[in-house]
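Accompanying notes for the structure given below.
FYI, side chains are in, hydrogens and waters are out, and symmetry mates aren't considered; it's all heavy atoms of this structure. Here is the naming used below: chain letters follow the sequence lines, and residue numbers restart at 1 for every chain. Quantities reported herein were computed from a predicted structural model and do not represent experimental measurements.
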Protein chains: 2
Amino acid sequence: MATRTEAESGRRPPGETATRILDIAEELVQVRGFNGFSYADVARRLKITNASLHYHFHAKADLGSALVERYRRRFIESLGAIDHEAGRADARLAAYVRLYADVFRSQRMCLCGMLAAEYQTLPAGMQELIVDFFDENESWLARVLEEGASEGSLALDGPPRERARALIGGLEGAMLVARPYDDVERFSAIASQLTSGLAARADGSGAAATAMDEFSRRA
Amino acid sequence: MATRTEAESGRRPPGETATRILDIAEELVQVRGFNGFSYADVARRLKITNASLHYHFHAKADLGSALVERYRRRFIESLGAIDHEAGRADARLAAYVRLYADVFRSQRMCLCGMLAAEYQTLPAGMQELIVDFFDENESWLARVLEEGASEGSLALDGPPRERARALIGGLEGAMLVARPYDDVERFSAIASQLTSGLAARADGSGAAATAMDEFSRRA
DNA sequence: GTCTATAGGCAGATAGAC
DNA sequence: GTCTATCTGCCTATAGAC
C-alpha cells in the first residue's frame, strides 16, 4: 500500500495517506472554514482514526500550513501553465478568471479567501503563507496587465499593481457574495464586469468584443 | 441597574444586558467568525456567566439570528440616513462606500461578509437573514445608480442591479483581501477603483473629478 | 502506519437555588 | 436576571500496543 503510486506524479513529500488527508481537509476548509472542521471530520471521511491523522500532521496548525502551502503552489503552477499556453494578455486574464470560476463551480470558496476571513484566528505560520499567496497572485496579474497594455490587448489605466489588487479583491468578493445564492451566473456576471473595464477600447466609450469578454462570459 | 437607560435610545426590545451581549458578540463574529467564538468568550468580556447568556439567547443560533437582524436593520437605517442627507447620487454612492470603510477601519469584517464565508455551516434562520441583507443592499444601490444615471451624476453602463451586485461584491472583497494586511489604504485604493468607472464622464475616456472621487479617496 | 484508550479541556446547553 | 453545578458531547492531542 506504500510502494505503488510513488512514480505516478513525481514529487511527493507527503505520502499517499497524507495527500488524501490534504484533499479532504482542503475541501472542508473551503466549505466550512478552518475553525469549522475538525480532525474527526477528516478521520470519518477517510475511514481512519483521529490518532492516525496526528501521525501525518502533528497538530492542526501543521495541517493548516501544509494546506495553504499546497494550494499556493498549485495555484502558482496554474499561472505558469497559463503563461505557457495562452498567448495574448487578455486571454491570460480570462484564464485567470476561469480559475476562480472553477473553484466557485465546485461549491467552494477560494481557500485563501476563506482563510482571509478567519485571518485573525489563525496560527502565525498560516498567516504568513496566506499573505504570500495574495502577493504572488498580485505580481503575476500585474505583469499580465502590463504586457496587455504594451501589446494593446488590454486598456490599463492606473498602476498595474493597484489594478491587480482590485481584480483579486473583486474575484474573491464575487465568490463571497455569490455563495449564499449558490449561483454560478451571479459570480460570472460580477466577474465579467471586473474585466470589461480592461477590454481594449476601439473607440471612446464602448468596450470592444475581445477574447477576454468571450471567456469571462462563459466562465 | 435595570431601570436606568430605558429612555436613552427609544426602541429596545432586547434589554440592556441583551444589547451588551449583542455588542460583544457582534464584534467577535466580525473578527473571528460565528464558528470562531463561544458563549464563554462573551461571558468573560461581559463578566457574566455562561448560564446567564442562555437566559437572554436560548441557543447560539438565536443569538446569531438576532445579530444579523440588528446589523441588517442598522445598515438599512444608515442607507435611509444617506438618502435623507446626501443630495446627488454620486454623493450617496460615496457615502455607501464610507460605510464599508468605517467597518474596515474598526478592524472588522462586514458581519454579513464574514457570515457569507461561513454560510454553509450556519443555521437556516441565519442564512435567510443574510440573503435579505444582500438583497436589500442591492435594491438600494441599484436605485442610487439609476437615479445617478437620470440626473447625470453617474455613468451607468449596464443593468443597475448587476452593477449593484458587482459593487457589493467588490467592497466585500476589498475588505476580505485587505484584511491580512490590516491596511486601510489597501481597502480604499480598491474601493476607489470600483467607483471610478461610474464617475460621470465629461469627455470620452478620462474620469472627471467628482464629489464621489473625493469621498472614495478619503474613505 | 494504524490502532485502542484516554487525557484534559472547551463547546453548547440545562436544572434549580437565590 | 444571575448564579452554581452539572451534563453530554466534541475538541486537539498523546501514550503505547500491534
Side-chain angles (χ1 to χ4, degrees), chain A residues 1-6 12-26 28-29 31-68 115 118 120-126, chain B residues 1-6 12-26 28-29 31-68 115 118 120-126:
Chain A
M1 197 205 275
T3 46
R4 198 176 43 87
T5 46
E6 216 70 318
R12 186 164 298 176
E16 200 195 344
T17 303
T19 300
R20 283 195 287 168
I21 293 169
L22 287 169
D23 291 341
I24 294 170
E26 182 175 81
L28 284 167
V29 174
V31 172
R32 309 183 48 90
F34 190 72
N35 295 324
F37 89 102
S38 71
Y39 266 39
D41 294 325
V42 179
R44 205 174 306 118
R45 298 203 196 185
L46 225 176
K47 281 175 198 150
I48 207 178
T49 58
N50 190 318
S52 293
L53 288 185
H54 282 281
Y55 169 81
H56 296 281
F57 299 96
H58 177 263
K60 198 184 179 187
D62 299 317
L63 173 56
S65 290
L67 237 27
V68 184
L115 296 177
E118 298 178 291
Q120 305 193 43
T121 73
L122 301 176
M126 290 182 69
Chain B
M1 198 206 273
T3 45
R4 198 175 44 87
T5 48
E6 216 69 321
R12 186 165 296 177
E16 201 195 344
T17 303
T19 299
R20 283 196 286 168
I21 293 169
L22 288 169
D23 291 341
I24 293 169
E26 183 176 81
L28 285 167
V29 173
V31 172
R32 309 182 49 91
F34 190 72
N35 296 324
F37 88 102
S38 70
Y39 266 39
D41 294 324
V42 180
R44 204 175 306 116
R45 297 203 197 184
L46 224 176
K47 281 175 199 152
I48 206 176
T49 58
N50 190 318
S52 293
L53 287 185
H54 282 281
Y55 169 82
H56 295 281
F57 299 97
H58 178 263
K60 198 184 180 188
D62 299 317
L63 172 56
S65 290
L67 238 26
V68 186
L115 297 176
E118 299 178 291
Q120 305 193 43
T121 72
L122 301 177
M126 289 182 69

With a 4.0 Å cut-off on heavy atoms, is [X] in touch with a base, just the backbone sugar-phosphate, or nothing at all?
X: Ser38(B); answer: sugar-phosphate
X: Tyr39(B); answer: sugar-phosphate
X: Phe57(B); answer: nothing

Which one, [options], comes nearest to the side chain of [X]?
X: Lys60(A); options: dT2(C), dT12(D), dT4(D); answer: dT12(D)
X: Ala51(B); options: dT12(D), dT2(C), dA5(D); answer: dA5(D)
X: Tyr55(B); options: dA13(D), dT2(C), dG1(D); answer: dG1(D)
X: Ser52(B); options: dA13(C), dA13(D), dT2(D); answer: dT2(D)

Item to check | Backbone of Phe34(B) reached by a side-chain donor or acceptor of Glu118(B) within 3.5 Å | outcome: yes
Item to check | Backbone N/O of Thr49(B) and side chain of Tyr39(B): donor-acceptor pair under 3.5 Å | outcome: no
Tell me: [atom1] of [X] to [atom2] of [N], nearest whole Å?
X: Asp41(B); N: dG12(C); atom1: CG; atom2: P; result: 8 Å
X: Asn35(A); N: dC10(C); atom1: CG; atom2: P; result: 16 Å
X: His54(A); N: dT4(C); atom1: NE2; atom2: C1'; result: 15 Å
X: His56(A); N: dA13(D); atom1: NE2; atom2: P; result: 16 Å
X: Phe37(B); N: dC10(C); atom1: CZ; atom2: P; result: 17 Å
X: Lys47(B); N: dG1(D); atom1: NZ; atom2: C1'; result: 19 Å

Quick one: is [X] getting a side-chain N or O under 4.0 Å of the [N] phosphate, OP1 or OP2?
X: Thr17(B); N: dT2(D); answer: yes
X: Thr49(A); N: dC3(C); answer: yes
X: His58(A); N: dT14(D); answer: yes

Next on the checklist: Assuming nearest nucleotide by heavy-atom distance, tell me which of Ala40(A) and Asn50(B) is located more 5' along DNA chain D.
Outcome noted: Asn50(B)
Checklist outcome for this item: NE2 (His54(B)) and NZ (Lys60(B)) are apart, to the nearest 0.5 Å, by 10.5 Å
Checklist outcome for this item: Contacts of Phe57(B) meeting ring pair (Phe, Tyr, Trp, His ring centres under 6.0 Å) (sequence neighbours excluded), chain-then-number -> none
Checklist entry - Given the rule in the side-chain contact (heavy atoms from CB on, under 4.5 Å) test, do Asp41(A) and Arg44(A) qualify, once you have shown the distances and angles that lead to the verdict? => result CA-CA 5 Å; Asp41(A) 294 325; Arg44(A) 205 174 306 118; 3.3 Å; yes
